[in-house]
Amino acid sequence: MDLGGDQGSEARTRQLLATGRQIENARESLEQANRTALETEAAMNQVAADLARQRGTVESISGSVGRIDNNITGSRRVIMQMVHRNMIKKVALWFMVALLLITLGV
């Protein structure tokens, strides 16, 4: 009976050692998963900071584009006024030429 008890004790010891290795492997896997999660969090924080900086840049560019659009619109309006005035001056000049020709009797 002593041998049976020793074999049971040995089996129990092997089982406990195997369970201990499994627990150690699980602990190492858990630590690796924790490291990966921390690395992922750090990368995510960096991406969030980059996106915030880029958002500021985009907002600044958007404001500049709005001002440029307003300037172009104003310039277009001035050019159209100049064209209109130029046409009026040409019509007036031709009218004066015609009036002068009529006055001179040509």
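The figures that follow rest on heavy atoms only: side chains count, while hydrogens, waters and symmetry mates do not.
Side chain to side chain, Glu41 and Asn45 fail the donor-acceptor criterion of an N or O pair below 3.5 Å. For the residue pair Arg76/Thr73, the side-chain donor-acceptor check at 3.5 Å is not satisfied.
Put simply, CG on Leu99 and CH2 on Trp94 are 14.5 Å apart, with the number rounded to the nearest 0.5 Å. Note that OG of Ser75 is 10.5 Å distant from CG of Asn70, once rounded to the nearest 0.5 Å. For the atom pair CG (Leu93) and CD1 (Ile88), the distance works out to 13.5 Å, reported to the nearest 0.5 Å. A distance of 11.0 Å separates NE2 of His84 from CG of Asn86, quoted to the nearest 0.5 Å. A distance of 9.0 Å separates OG in Ser9 from CG in Leu16, rounded to the nearest 0.5 Å. A distance of 11.5 Å separates CG of Leu17 from CD of Gln22, quoted to the nearest 0.5 Å.
In the hydrophobic clustering of ILVMFWY residues, with side-chain heavy atoms under 4.5 Å counting as a link, Met80 and Met87 come out apart.
The pair Glu24-Arg27 meets the salt-bridge criterion, with a side-chain N (NZ, NE, NH1 or NH2) lying under 4.0 Å from an Asp/Glu carboxylate O. We find that Glu59 and Arg55 are joined by a salt bridge, their nearest charged nitrogen and carboxylate oxygen being less than 4.0 Å apart.
With Thr19 contributing its side chain and Gln15 its backbone, the two residues share a donor-acceptor pair below 3.5 Å. In this structure, the side chain of Ser62 does not engage the main chain of Val58 through any donor-acceptor pair within 3.5 Å.
For Met44, the CE atom is densely surrounded, since the number of other residues' heavy atoms within 6.0 Å is greater than 12.
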| message | Set out, in order, the CA-CA distance, both residues' side-chain angles and the distance that settles side chain to side chain donor-acceptor pair (under 3.5 Å) for Asp50 and Gln46, then state yes or no. | response | CA-CA 6 Å; Asp50 289 345; Gln46 182 62 40; 3.1 Å; yes
